[in-house]
Amino acid sequence: MKKLIAVLLAGAMCASLAACGSKAEEPAAAPAETEAPAETEAPAEDAAAPEEDAEAAGGEASGEFTTVTEGVLTMGTNATFPPYEFYDGDDIVGIDAEIAQLLADKLGLTLDIQDMDFTAIVTSVQTGKVDIGLAGMTVTEERLENVNFTDSYATGVQVIIVKEDSDIASVDDLEGKLIGVQEGTTGHTYCSDDYGEENVVAYANGATAVQNLVSGSVDCVVIDQQPAISFVEANEGLKILDTEYVIEDYAAAVSKDNEGLLNALNAALKELIADGSIQEILDKYIKAE
Ligand code: ARG
């Protein structure tokens with residue numbers, strides 16, 4: 001629970017890109033570095049937290065849980081978010097797909113991945129269409145009103161993509177610019193709050209937002225760092241600003257009515273973090289800086 005509280009505090013302190021950015025030299029909750037850190041660190045320290053270990057070992061991990069379809073872990077995702085989830089031919093692959101497979105294995109379930117709009121994931125978890133939402137999804141206070149989150153398995157960073165010759169050099173230059181985002185993401189929320197909805201254009205996915213940056217319909221795109229790296233690699237003439245950012249925790253969303261599953265997933269996650277499996281998956285997809 002400590003981690004969750006830290007996340008909430010970090011969220012409160014970094015409620016806006018601008019507020020966070022202007023304080024980059026004196027970080028309150030999250031250590032700022034001059035360069036945005038690669039999102040490579042599995043939160044291994046959690047595995048060593050004694051109270052949480054006790055909780056996992058003695059908890060309901062071995063206890064009851066139900067799934068939408070018996071014997072199956074149904075995962076809702078939005079496969080437009082490399083390297084967390086993307087299509088390889090007809091298959092959805094990536095960090096989240098691999099982590100979900102390991103979680104399903106631990107729980108003795110088969111995995112079924114369902115692709116949907118990002119904005120549909122939380123509702124699908126809430127209404128019991130899927131068991132978990134796993135989509136590079138940030139733990140936020142707003143989402144916590146509707147779903148539970150497992151412990152975090154990775155860190156995300158909101159970054160800004162611009163054209164190479166852009167006059168936007170930092171988050172301080174975003175005022176009055178047209179910002180592209182993926183609809184329903186934390187980037188969407190931050191930018192709407194800070195720069196006004198009229199200055200934000202929400203697209204169905206990050207790739208479309210980036211296409212609109214290339215064609216000049218928007219001045220920049222605010223999105224998570226790892227997909228940003230993929231999109232910049234796939235398009236000529238773009239760069240990611242080495243500037244202020246918001247640090248976030250990714251976790252799986254689970255229904256508030258399924259505490260048994262939440263506990264089982266957390267116990268499995270704890271083991272997978274402790275034995276290095278999660279880090280191995282992150283390292284496979286995320287190149288060290
Ligand atoms: N981390 C951001 C959020 O939770 C973006 C996640 C987008 N994920 C996706 N699979 N499209 O809002």
Side-chain angles (χ1 to χ4, degrees), residues 4 7-8 10-11 14-17 20 30 36-40 43 75-88 91-100 113-126 130 132-161 179-194 200 202-211 221-231 234 240 245-254 281-282 285-286:
L4 210 51
V7 171
L8 294 178
C14 295
S16 76
L17 269 176
C20 223
E39 302 165 61
T40 48
M75 157 182 164
T77 197
N78 171 250
T80 66
F81 200 71
Y84 283 88
E85 43 267 332
F86 55 100
Y87 276 94
D88 178 15
D91 298 328
I92 295 174
V93 298
I95 293 169
D96 288 335
E98 293 206 19
I99 290 177
I113 304 182
Q114 299 201 358
D115 194 13
M116 57 185 70
D117 287 346
F118 185 71
T119 51
I121 298 175
V122 166
T123 321
S124 297
V125 169
Q126 243 184 319
V130 299
I132 59 170
L134 198 57
M137 191 181 282
T138 306
V139 180
T140 68
E141 251 172 293
E142 201 188 337
R143 290 173 185 158
L144 279 166
E145 283 173 18
N146 298 311
V147 288
N148 281 330
F149 278 98
T150 62
D151 294 335
S152 177
Y153 62 90
T155 302
V157 183
Q158 294 295 314
V159 298
I160 303 162
I161 310 175
I179 307 167
V181 296
Q182 179 179 10
E183 189 179 7
T185 60
T186 48
H188 187 182
T189 309
Y190 297 143
C191 291
S192 303
D193 288 353
D194 293 346
V200 178
Y203 297 97
N205 57 64
T208 308
V210 169
Q211 275 160 27
V221 168
V222 170
I223 195 161
D224 304 49
Q225 183 182 45
Q226 290 306 323
I229 291 171
S230 295
F231 296 143
I240 297 170
Y245 47 84
V246 180
I247 300 176
E248 307 176 318
D249 278 334
Y250 291 167
V254 185
I281 294 171
L282 291 170
Y285 287 94
I286 299 177

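Order of listing sets the numbers, starting from 1, for every ligand and every atom in it.
Side chain of Asp115 to backbone of Ala79: a donor-acceptor contact under 3.5 angstrom is found. For Asn205 (side chain) and Ala207 (main-chain N/O), a donor-acceptor pair under 3.5 Å exists by modelled atom type. Distance alone, capped at 3.5 Å, places no donor-acceptor pair between the Arg143 side chain and the Val122 backbone. At distances below 3.5 Å, at least one donor-acceptor pair connects side-chain atoms of Gln182 with backbone N or O atoms of Ala204.
The 4.0 Å heavy-atom shell around ligand 1 contains residues Asn78, Thr80, Phe81, Glu85, Phe118, Ala135, Gly136, Met137, Thr138, Arg143, Gln182, Thr185, Thr186, Asp224, Glu248, Tyr250, ordered by chain and number.
Using bins of under 30°, 30° to 60° and over 60° for the plane-to-plane angle, the ring pair Phe86/Tyr285 lands in the perpendicular bin.
Remark: Glu98 engages Lys284 in a salt bridge (charged side-chain N to carboxylate O under 4.0 Å, His left out) (not counting sequence neighbours).
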